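As structure tokens, the structure follows; a few thoughts come after it.
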Amino acid sequence: MKRTIRDLKNIKDKRVLLRCDFNVPLDKYGDILDDTRIFESLPTIKYLNEQNCKLILCSHLGRPKGYDKYLSLFPVAVYLMKRFPNKVKFCPKASGKEVSSAVKNLKGGEILLLENLRFDAREEQNDETFVKELASLADIYVDDAFGVAHRKHASNYGVALKLPNAIGFLIEKELNVFSKAFENPSRPFVAIFGGAKVKDKLTLINNVIGKADTILIGGGMAYTFLLAKGVNIGKSIVDLDLVDDAKDILEKAQKNGTKILLPIDHVALDGEKVRKVLLMDQDMVGLDIGKDTIKLFKKEIKTAGQILWNGPVGKYEDKRFRKGTFEIAKAIAKSKAYSIVGGGDSVGAINTLGFNKKINHLSTGGGASMKLMEGKVLPAIEVIDTL
Ligand code: ADP
Ligand code: MG
């Protein structure tokens, strides 16, 4: 068990460095387009603030190369000011004298947000000088930035090695959800996978075999499996190098008692024309699951005890190929099963469709949740002390 902020004692007036994931989409006026990530960080911020710590918040935003006024965290400071009136200060730098003097002036119960860590290239390099600088600001380090927990950066991996540390409520929740989902699932456990490439999902599917009762495969990756079974896939996206791996997966699943269902019909592009087909011709490109597949998958979703979904089952960005993903999302939202959705595109699809309130756990980290689902240990969490 990792130490959490609940386990930290006597932190009143202590300097606490809290790494958040405030990587939210902004428009060019600095308006926050989706505040999910900040909102999910509030319980940890609130808890530490109520303990009267001197709270120093830091985060990255986007992928700047040096300073970029469009990727400033100032809009996040404004957001926090509204939630914690008269308590929030903003430091327009992430490193250097301005930061250390702002921290020196910080009082118990105040919150200081530093500027975007990635304006300093040393952040992503896990540079020792930056690690030391960050560590010198605080007595205790808390990590609640789930979205970057699979990365070894100065502000999460590096600094955790230098200070007494703990995880925040958001990371705690993500860890609990995924460990329960795999170790003690409500059955039947139905996993749904989609997305473009099999390569990205091999480890994930392998980890789920033997744990899930049923795996539904749609999206571009289904075509590698269909080819492995000798089905004509026309010109659909395929990982030819991985056809043998796909065969192995199908065999392994059979041995382990996990049922794998593949698409039985398709919405395909035939030149310029969109066609609904049971079998594909040589020139067709499969871009969504067809209505019979939707029916087949929905039946499994309806009777599931737990659902794990990663990856759209079609090229959902294109309206013509959205129905499959939409119907799957709707069925998950309707189902009584405990539902978990992980992956940037899948969570995006749920949000766009407005089903976010109907999902039990929408993971806040794309890459990080993928790694957890693959059964991997996240480096930035590994370095946090255990109890
Ligand atoms: P997530 O971000 O949820 O993990 P992925 O990134 O793995 O999902 O997959 C999403 C991408 O897969 C989307 O861009 C979507 O267009 C693409 N995709 C899904 N089905 C197909 C298909 N049949 N052909 C080509 N691309 C597809
Ligand atoms: Mg994606």
Side-chain angles (χ1 to χ4, degrees), residues 190-206 208-209 214-254 258-301 309-332 341 343-350 352-353 370:
V190 176
I192 308 153
F193 297 128
K197 291 184 187 149
V198 179
K199 197 173 100 226
D200 301 343
K201 308 281 164 96
L202 270 181
T203 332
L204 174 53
I205 303 174
N206 264 313
V208 171
I209 290 176
T214 308
I215 300 178
L216 312 175
I217 300 182
M221 60 185 279
Y223 295 104
T224 304
F225 287 92
L226 287 170
L227 189 64
K229 291 185 88 172
V231 176
N232 186 4
I233 60 161
K235 288 198 167 60
S236 308
I237 186 168
V238 65
D239 279 304
L240 287 175
D241 299 344
L242 298 177
V243 177
D244 284 340
D245 294 78
K247 265 186 204 153
D248 292 346
I249 285 180
L250 294 171
E251 268 170 34
K252 187 178 157 192
Q254 207 166 19
T258 302
K259 179 166 78 177
I260 293 191
L261 295 180
L262 298 171
I264 49 171
D265 62 342
H266 315 265
V267 181
L269 208 54
D270 184 3
E272 297 287 285
K273 284 209 179 77
V274 176
R275 291 193 198 280
K276 295 173 180 167
V277 291
L278 290 176
L279 288 171
M280 260 178 304
D281 280 348
Q282 215 46 52
D283 291 328
M284 291 185 184
V285 183
L287 291 165
D288 195 6
I289 55 173
K291 68 175 193 328
D292 295 343
T293 309
I294 293 176
K295 228 190 228 165
L296 179 74
F297 285 9
K298 270 190 166 172
K299 215 173 120 204
E300 299 291 336
I301 292 168
W309 181 34
N310 169 264
V313 294
K315 198 180 172 198
Y316 76 106
E317 299 93 331
D318 184 330
K319 261 193 192 142
R320 299 171 297 171
F321 308 109
R322 180 170 296 172
K323 192 168 166 53
T325 300
F326 178 80
E327 290 295 329
I328 295 300
K330 198 161 79 181
I332 299 174
V341 178
D345 287 274
S346 327
V347 172
I350 290 283
T352 329
L353 298 168
M370 284 291 294

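Owing to the predicted nature of the structure, the values given are computational and were not obtained by experimental measurement.
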If we only count heavy atoms from C-beta on, is the [X] to [Y] side-chain gap below 4.5 Å?
X    : Y    : answer
D265 : K276 : no
L261 : L296 : yes
K229 : F225 : no
N206 : K252 : yes
N310 : M370 : yes
Y316 : I328 : no
D200 : M221 : no
K259 : E300 : yes

Using atom types as modelled and distance alone, determine if a side-chain donor or acceptor of D288 lies under 3.5 Å from a backbone N or O of G324.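 Yes, D288 side chain to G324 backbone: donor-acceptor pair under 3.5 Å.
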Looking at every non-hydrogen atom in both residues, tell me the closest pair between [X] and [Y] and how far apart they are.
X    : Y    : result
S346 : W309 : O-CZ3, 4.0 Å
F321 : L269 : CZ-CD1, 3.9 Å
P263 : T293 : CA-CG2, 3.5 Å
V277 : A268 : CG2-CB, 4.3 Å
A228 : A246 : CB-CB, 4.0 Å
Y223 : S236 : CG-CB, 3.5 Å

Any chance you could lay out the side-chain contact (heavy atoms from CB on, under 4.5 Å) test for D292 and L278, step after step, and finish with the verdict? CA-CA 9 Å; D292 295 343; L278 290 176; 3.7 Å; yes
Hey, could you give me the [atom1]/[atom2] distance between [X] and [Y], rounded to the nearest 0.5 Å?
X    : Y    : atom1 : atom2 : answer
K295 : K299 : NZ    : NZ    : 10.5 Å
M280 : R275 : CE    : CZ    : 13.0 Å
I233 : L279 : CD1   : CG    : 13.0 Å
D241 : T224 : CG    : OG1   : 9.5 Å
L242 : K247 : CG    : NZ    : 12.5 Å
I301 : I294 : CD1   : CD1   : 10.0 Å

Quick check on E317: does its CD atom have over 12 non-hydrogen neighbours (other residues, nucleotides or ligands) under 6.0 Å away?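 Check passes, neighbour count above 12.
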Taking atom NZ as the centre, does K298 end up with more than 12 heavy-atom neighbours from other residues, nucleotides or ligands that are less than 6.0 angstrom away?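 Atom NZ in K298 is crowded, with more than 12 foreign heavy atoms closer than 6.0 Å.
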Determine the sole option in L262, I192, I249, I260 for which the side chain to side chain contact (heavy atoms under 4.5 Å, CB included) test with I215 is passed.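 Looking at L262, I192, I249, I260, the match for I215 under the side chain to side chain contact (heavy atoms under 4.5 Å, CB included) is I260.
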From the options D345, T352, V313, I350, select the one residue that forms a side chain to side chain contact (heavy atoms under 4.5 Å, CB included) with T325.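 Filter result, single survivor: V313.
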Considering only NZ, NE, NH1 and NH2 on the basic side and carboxylate oxygens on the acidic side, decide whether K235 and D283 come within less than 4.0 Å.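 So K235 pairs with D283 through a salt bridge.
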Between K199 and D239, is there a side-chain N and carboxylate O pair less than 4.0 Å apart?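 Between D239 and K199 there is no salt bridge, as every charged N stays at least 4.0 Å from the carboxylate O atoms.
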Go through the steps for V198 and I205 under the test side-chain contact (heavy atoms from CB on, under 4.5 Å), then give the verdict. CA-CA 9 Å; V198 179; I205 303 174; 5.5 Å; no
